[in-house]
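Each remark here refers to the structure printed beneath this line.
In this text, all values refer to a predicted model and were calculated from it rather than measured experimentally. Reminder, nothing fancy here: chain letters follow the sequence lines and each chain counts from 1.
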Amino acid sequence: MKGKKVGMVSVGLTKFMRRAKETPKELAYYSAKMALDNAGITRKDVDGVIIGSAPDAFDGVHQKHEYLTDGSGGFNLPTMRGYVGGGTGVFSPIQGWYSVASGMNDVVLITTEEKMSTIQPSAQAGFLTIFDNMIERNLGPNLVWIFALEMKRYMEKHGIPKEHIASVSVKNKGNALDHPSAMLGQKLTIEQVMNSEVLADPVHLLDISPVADGAVSFVMMSEDKIKEFGIPLDQVAWVDGVGWNVDTTIWTNRDLYYPKYVEKAAKQAYNMAGQKDHSPETLRKWLSFAEPYDPFNYKELHHLEGLQLFGKGEAPRAAFEGVTARDSDFPVTPSGGLLGVGNPIAAAAGMKAAEVYLQLTGQAGKRQIPKDVTRGLAQAWGDLMQVGTVLVMKGGQVQ
Amino acid sequence: MELRGTKLSNDEFLNKVLSVTYYPELDYAWATGVAITKFLNGLKEGVIYGTKCNECSRVVCPPRMFCEECHTPMNEYVELPQTGIINTFSLAYIRTDATRRDKAEIPAVIDIDGTTISPSGFLHLINEDTPHDKVKVNAKVKAVWKSPEERKGDITDIKYFDIMED
Ligand SMILES: [Zn+2]
């Protein structure tokens, strides 16, 4: 690991909701304040602020970093916004890491926020602005098309039965019943997922995560500051490795069945953590659990393969057979994920990074994985469909 | 700790709380650049262009004015066949604005013949009157054009792709 040792010492979350009464700033204030309170510090202790939020088109307010500054606690401080679409929520704590690891800041407050309910009548029209503007938009695409095309290619390449993919919706929406932020925790059967409305075959309604409003914040600090504030190590998760990677935007010139950019981001993070053996069996022992990005059920599986946690085409069967259940060998998305907790874009991936912290520090409540957890991974995906961001953290007592 | 956030139902949002509305009118006109202008002018003439990189020898579609791999100029335009295969597709019942249609549109990635990497092509539509059991990954397709008078240098100058019978 390069640079100064950096720990995450607290998180703050709002509820995730289809429509929040609060403004984006107010949501950011809720989660930022909660993260500060949970760390036992105030805004006066903060050296730098990082804001993560996805397309401005949803808000109709341009330059959201500026708009969100007050709520995120960032005025009169070195404040920056990183933005890699859906990958943002994991990228923001990565930015927190390098701003502390570099020695620039000692204490950073990071907020990921999204309010998708403002755009009328639905967020879909806002998504259109991320498509190629010369040769795609005039075909009248919908964001779901992209996922359907990728899911179809993935299924076709490996001969994956839809039931195996549907099992991820059942697992994640079930896990979300235990998450206090969740908007869509529910007990479902594979049949219910399979029989839900077809939006763009093979994508059905229950394959998709719900658009949402919400915010998630973190406090990250240098090791010296953690000692100075007297924060106990069982409240700390150390950053072990980070990686990110972006593939070409000419997405019709890539084979969508496999996310190479996730592989590259993951290997960067594993190597940084000193983990040079990237075989799935080794990595599933080295990591206690994973929170891969699951805006659609197949994406969790697609990402598990990109992350090298399962071989190509092998994740769907493993999920169907229960290997990735919260009480099983290799828990995946114990939080309930975007599918169950909700998908306020940047905040959704922020929630996944927060889950890694909460699990490693034993604060996950009813969601706590029933085994020793020493190391976890959060991953997000975004831009139009070609960025991967990976964060690996380990428990405060883990060497 | 109690999590905060005030949920509003649709009815509350529309009828019971204040909201300020705004209908932006933003018109854009994008210059289509060097390579896509060549591509779109080609469509107007009923031709599908790709480009060849003189460094890595890849022939790709849509054309670009630089090779994203070699980061060197890509200025040899190649006329490609009007055929290809379906790399992947969907039967889509949802429009851009999330409203539903009864009959599926069939968006697909068309892997254009004559390119040297796979896939290499573009997003387009398969004829929506095609029986769904004929639409398959790897099915051979050919471009169906609008009439020359209707074509204007746009991706929609190709009406759709039709499945080729063996
Ligand atoms: Zn080249």
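Heavy atoms of B:Y28 lying under 4.5 Å from chain A are absent altogether. Only the side chain of B:I36 comes within contact range of chain A, judged by heavy atoms closer than 4.5 Å. Interface remark: A:R18 contributes no atoms to any contact with chain B (heavy atom separation under 4.5 Å). Only the side chain of A:K33 comes within contact range of chain B, judged by heavy atoms closer than 4.5 Å. Proximity to chain A (any heavy atom under 4.5 Å) is shown, for B:A104, by neither the backbone nor the side chain. In this structure, chain A has a heavy atom under 4.5 Å from the side chain of B:L40, while its backbone stays farther away. Heavy atoms of A:I250 lying under 4.5 Å from chain B belong exclusively to its side chain. Using a 4.5 Å cut-off between heavy atoms, B:N87 touches chain A through backbone and side chain atoms alike. Of the two parts of B:R4, the backbone and the side chain both hold a non-hydrogen atom closer than 4.5 Å to a non-hydrogen atom of chain A. Neither the backbone nor the side chain of B:E12 has a heavy atom closer than 4.5 Å to any heavy atom of chain A. With a threshold of 4.5 angstrom between heavy atoms, B:S19 does not approach chain A through any atom at all. In this structure, chain A has heavy atoms under 4.5 Å from both the backbone and the side chain of B:N10.
When all heavy atoms are compared, the tightest approach of A:Y30 to B:G5 is CE1-N, 3.6 Å. Between B:P119 and A:R254, the closest heavy-atom pair is CG-O, 3.3 Å. A pairwise comparison of heavy atoms in A:F16 and B:K7 identifies O-CE, 4.3 Å as the closest pair. In plain terms, the two heavy atoms of B:D154 and A:N138 that are nearest each other are OD1-ND2, 2.7 Å.
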CA sep, side-chain torsions, deciding dist, call: A:W251, B:V109, side-chain contact (heavy atoms from CB on, under 4.5 Å):
CA-CA 9 Å; A:W251 63 275; B:V109 174; 3.7 Å; yes

Checking side-chain contact (heavy atoms from CB on, under 4.5 Å) for the pair A:M134/B:F39: CA distance, chi angles, key distance, verdict?
CA-CA 10 Å; A:M134 310 268 174; B:F39 181 66; over 6 Å; no

Go through the steps to decide whether A:R153 and B:V137 satisfy the test side-chain contact (heavy atoms from CB on, under 4.5 Å), and finish with yes or no.
CA-CA 8 Å; A:R153 183 73 193 161; B:V137 170; 3.7 Å; yes

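Per-residue heavy-atom pair counts under 4.5 Å with chain A were compared for B:N138, B:T96, B:L43, and the maximum is reached by B:T96. Note on B:T88, B:T32, B:D111, B:V17: by heavy-atom pairs under 4.5 Å with chain A, the leading option is B:T88. Note on B:G33, B:A92, B:S9, B:S118: by heavy-atom pairs under 4.5 Å with chain A, the leading option is B:A92. Ranked by heavy-atom pairs under 4.5 Å with chain A, the list B:F89, B:F122, B:Y22 is led by B:F89. Of the listed residues (A:T14, A:T118, A:V198, A:N133), the greatest number of heavy-atom pairs within a distance under 4.5 Å of chain B belongs to A:N133. Each of A:T248, A:D213, A:D201 has some count of heavy-atom pairs under 4.5 Å with chain B, and the biggest count is that of A:D201.
Results of the side-chain contact (heavy atoms from CB on, under 4.5 Å) test with B:L123 over A:L149, A:D132, A:I146 single out A:L149 as the only residue that passes.
Open room surrounds CG on B:L18; 12 or fewer heavy atoms of other groups in view lie less than 6.0 Å from it. Counting heavy atoms of neighbouring residues, nucleotides and ligands inside a 6.0 Å radius, atom NZ of A:K264 does not exceed 12 of them. When the shell of 6.0 Å around CZ of B:F66 is examined, it contains 12 or fewer heavy atoms from other residues, nucleotides or ligands. More than 12 heavy-atom neighbours from other residues, nucleotides or ligands sit within 6.0 angstrom of CE on A:M194.
Defined by atom type and a distance below 3.5 Å, a donor-acceptor pair is present between the side-chain atoms of B:R64 and A:N253. Side chain to side chain, A:E22 and B:T6 meet the donor-acceptor criterion of an N or O pair below 3.5 Å.
Atoms CG and CD, from B:L14 and A:Q120 in turn, are 7.5 Å apart once rounded to the nearest 0.5 Å. Note that CG of A:L199 is 12.5 Å distant from CG of B:L91, once rounded to the nearest 0.5 Å. For the atom pair NZ (A:K15) and CD (B:E2), the distance works out to 6.0 Å, reported to the nearest 0.5 Å.
With hydrogens and angles disregarded, a donor-acceptor distance shorter than 3.5 Å links the side chain of A:T252 to the backbone of B:G121.
Looking at heavy atoms from C-beta onward, A:L139 lies in side-chain contact with B:H124 at the 4.5 angstrom threshold.
Using a cut-off of 4.0 Å between Lys/Arg side-chain N and Asp/Glu carboxylate O, B:R100 and A:E197 are scored as salt-bridged.
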